[in-house]
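Inspection log for the structure reproduced underneath, given as structure tokens.
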Amino acid sequence: MDQPSERPTPPRPHSDDFVTHTVTNQPTPLTPYDAFATDLPLRQALNREGAAWATPEVAAFGPIAGGEMMALGILANENKPTFHPYDRYGHRIDEVQFHPAYHRLMTLGTQHGVSNFNWRHADRNGANVARAALFYLHCQADQGTCCPLTMTYASVASLKLSPALAQTWLPRITSDAYDGSAIPAWQKAGNTIGMGMTEKQGGSDVRANTTRAYPSGASGPDQPYELFGHKWFMSAPMCDAFLILARTDAGISCFLTPKFAPGGEPNGSNPRNPIRIQRLKDKLGDHSNASAEVELQGAIGWMLGEDGRGINTILEMVALTRQDCALGSAALMRQALVQAIHHTRARQAFGKHLVQQPLMQNVLADLALESEAAIVLSMRLARAIDASGRDPGEAAFARLATAIGKYWICKRCAPFVNEAQECLGGAGYVEDSTLPRLYRQAPLNSIWEGSGNIQCLDVLRCLAREPLSRDAFFNEFKEVHGHYPALDDALKDIVAALADSANLEMRSRAIVERMALALQAALLIKAGDAQVADAFCRSRLAGAHGLAFGTLTQETPLAYLIDRAYA
């Protein structure tokens, strides 16, 4: 048998030979981009709701929100705040330390008016609408910092009930300066405000609160109180002061309670108020922000508003924070939609870009409809709040529409973001895509400041106690009566349901949902784009829609809705 011939040894492979593939069929990075210039529905809403004059200020924030702030949002959420109860010498300090990205986000938000634009332009109609647009842009980059910015913005309404305190605090609260250092509020150019309402035994039932407030020192409008008790959920515990509910002999009252206070427990040169942080909450999302359980061990506070009327006092603040819950959820939906459209425009499958595939078009167009309906309602609500001081009808509409919008927009957020994740496939489940962060954040606004049941009960309460709110709601439909039979039928259903007093509370979710959809439909009709309004009315009111996104009918202008959503 012949022996096999000896084969030569092949040459050693060059390192380039180990490259197994090149990267193709992947989108380029989205950021940086201009979050305002690419958002036609937002730009139109800003004009329609009376804030066209503020377009330069809002437009200037667009590239920042879609650029630097997007990168900062990633860093701030990857590096959670940490609790430091003591300093190196053993002194109690109750400090929460944040990543520098958090403080930069707070600085940018404060400078550009997220917490103060409407107060600094209080003489201009539409200032609250412009501020809502700024908040909407900020929330797309990071939601955790939106919490203290919201509370600072909203606290002004409650502080105005006590002129002496307002005179001292409001110039700093409405300032465009941010200072995150742990020093007394009066040593800073700008202050942030938090709130402490809920307790372990009560949650949303704040009338069950047990925290007590005792007079301390001379009586009078500047009389300090000492607060003893606990708070189960205090968000942003490094704020300069907090609005806290505590019980006096007259009932639940509201107190401005600073983190540092003259006469507080001294520690060197800083008189720290004894607001003792017990621990930080380990939350599903909202990782850039800290939320704490605290004990009040004789903390010094000053009463806001009337003694025993603290719930009414703090509701002045809550009404505005609930507006921001709706705006924040609309912002989350917007950013998820942008991520989905950006990905599908660049990614190919089965011979076409994903955005050209009929079924993907159906999903994206449906999400675009939902997103535009969310911002059109949120910005209409912002206009109503803006006009509340000069128009009783708008004030009544704002009280009712706040609960309606907070309920429905926040409810739609989580399934919306999940659908956007599916548009990216497995990439949407990976942290680098930012969609997992948006998904973890999505349920928060439906819980914070009163969950779904609370909002629905508030709608019923408002309708029962304030006939003007009912008139204001139905007045929104006079201009569009007869445009769409499905909308007219929905209004008849709402009237009939509200008349069924025996089942009103049990069916309140279904009623509020119907009210929200009808209101969104009317606002879209009045906004003037017939294709958007027709698609919304047919899908949301006429029954031509399934239970999931992506079930629009064949008559729907899918490509038009997608292109309109993200230029």
Side-chain angles (χ1 to χ4, degrees), residues 94 96 106 114-116 119 135 143-162 165-166 169-170 172-174 185 191-200 202-211 213 225 227 229-247 252-261 273 275-278 280-281 283 286 289-296 299-305 309-325 328 402 406 444-445 447-451 454:
D94 290 285
V96 179
M106 289 292 294
V114 174
S115 62
N116 52 50
W119 306 124
F135 181 82
Q143 299 78 42
T145 47
C146 284
C147 178
L149 291 169
T150 283
M151 293 188 294
T152 302
Y153 148 75
S155 68
V156 174
S158 295
L159 274 158
K160 285 183 174 180
L161 298 177
S162 294
L165 289 170
W169 283 85
L170 288 189
R172 298 194 300 264
I173 291 172
T174 59
N191 291 166
T192 54
I193 304 294
M195 64 194 304
M197 294 176 61
T198 61
E199 299 183 3
K200 299 182 183 74
S204 296
D205 182 11
V206 294
R207 296 187 185 279
N209 282 7
T210 60
T211 297
Y225 285 73
L227 278 58
H230 75 279
K231 294 297 168 183
W232 182 232
F233 224 107
M234 181 181 283
S235 197
M238 287 303 289
C239 285
D240 296 300
F242 308 90
L243 270 60
I244 292 179
L245 293 181
R247 188 177 296 277
I252 300 291
S253 300
C254 182
F255 297 87
L256 178 67
T257 310
K259 189 166 183 61
F260 294 82
N273 218 357
I275 304 172
R276 301 302 189 208
I277 299 174
Q278 303 303 298
L280 299 186
K281 299 285 192 181
K283 299 173 293 184
D286 201 50
N289 183 36
S291 300
E293 298 170 27
V294 303
E295 294 288 343
L296 305 166
I300 304 299
W302 285 264
M303 187 179 293
L304 290 175
R309 302 267 304 165
I311 294 175
N312 297 76
T313 298
I314 209 164
L315 281 178
E316 296 287 333
M317 178 178 181
V318 169
L320 297 181
T321 57
R322 286 178 173 173
Q323 168 204 236
D324 280 7
C325 287
T402 296
K406 202 275 191 190
L444 176 57
N445 285 321
I447 298 171
W448 190 48
E449 300 294 27
S451 56
I454 296 296

Can you check whether [Y]'s main-chain N or O pairs, donor with acceptor, with [X]'s side chain at less than 3.5 Å?
X	Y	answer
Thr402	Gln323	no
Asn273	Ala299	no
Asp240	Ala185	no

Distance check, rounded to the nearest 0.5 Å: [X] atom [atom1] versus [Y] atom [atom2]?
X	Y	atom1	atom2	result
Ile193	Tyr153	CD1	OH	15.0 Å
Leu149	Phe135	CG	CZ	8.0 Å
Glu449	Leu320	CD	CG	10.5 Å
Thr192	Met106	OG1	CE	5.5 Å
Ile300	Tyr225	CD1	OH	12.5 Å
Met151	Ile173	CE	CD1	12.0 Å

Any side-chain heavy atom of [X] within less than 4.5 Å of one from [Y]?
X	Y	result
Ile277	Met234	no
Glu316	Leu304	no
Trp169	Pro258	yes

Checklist entry - With respect to Lys231, which candidate in Ile275, Asn209, Thr198 satisfies the side chain to side chain contact (heavy atoms under 4.5 Å, CB included) definition? => result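 One option only clears the test, and that one is Asn209.
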Next on the checklist: Heavy-atom count check: over 12 atoms from other residues, nucleotides or ligands less than 6.0 Å from Arg309 CZ?
Outcome noted: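 Not buried by this count: 12 neighbours or fewer within 6.0 Å.
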Checklist entry - Do you know which of Glu199, Glu295, Arg247 makes side chain to side chain donor-acceptor pair (under 3.5 Å) with Thr211? => result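 Among Glu199, Glu295, Arg247, the one meeting side chain to side chain donor-acceptor pair (under 3.5 Å) with Thr211 is Glu199.
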Item to check | Cation-pi, Trp448 ring and Lys406 (6.0 angstrom, 45 degrees) | outcome: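 No; the conditions do not both hold, so Lys406 does not lie above the ring face of Trp448.
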Checklist entry - So, Ser235 versus Asn289: side-chain donor-acceptor pair below 3.5 Å or not? => result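 The criterion, which ignores hydrogens and geometry beyond distance, is satisfied for Asn289 and Ser235.
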Next on the checklist: Please give me the minimum heavy-atom distance between Ala213 and Leu227, naming the atom from each residue.
Outcome noted: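 That closest heavy-atom pairing would be CB-CD1, 4.0 Å.
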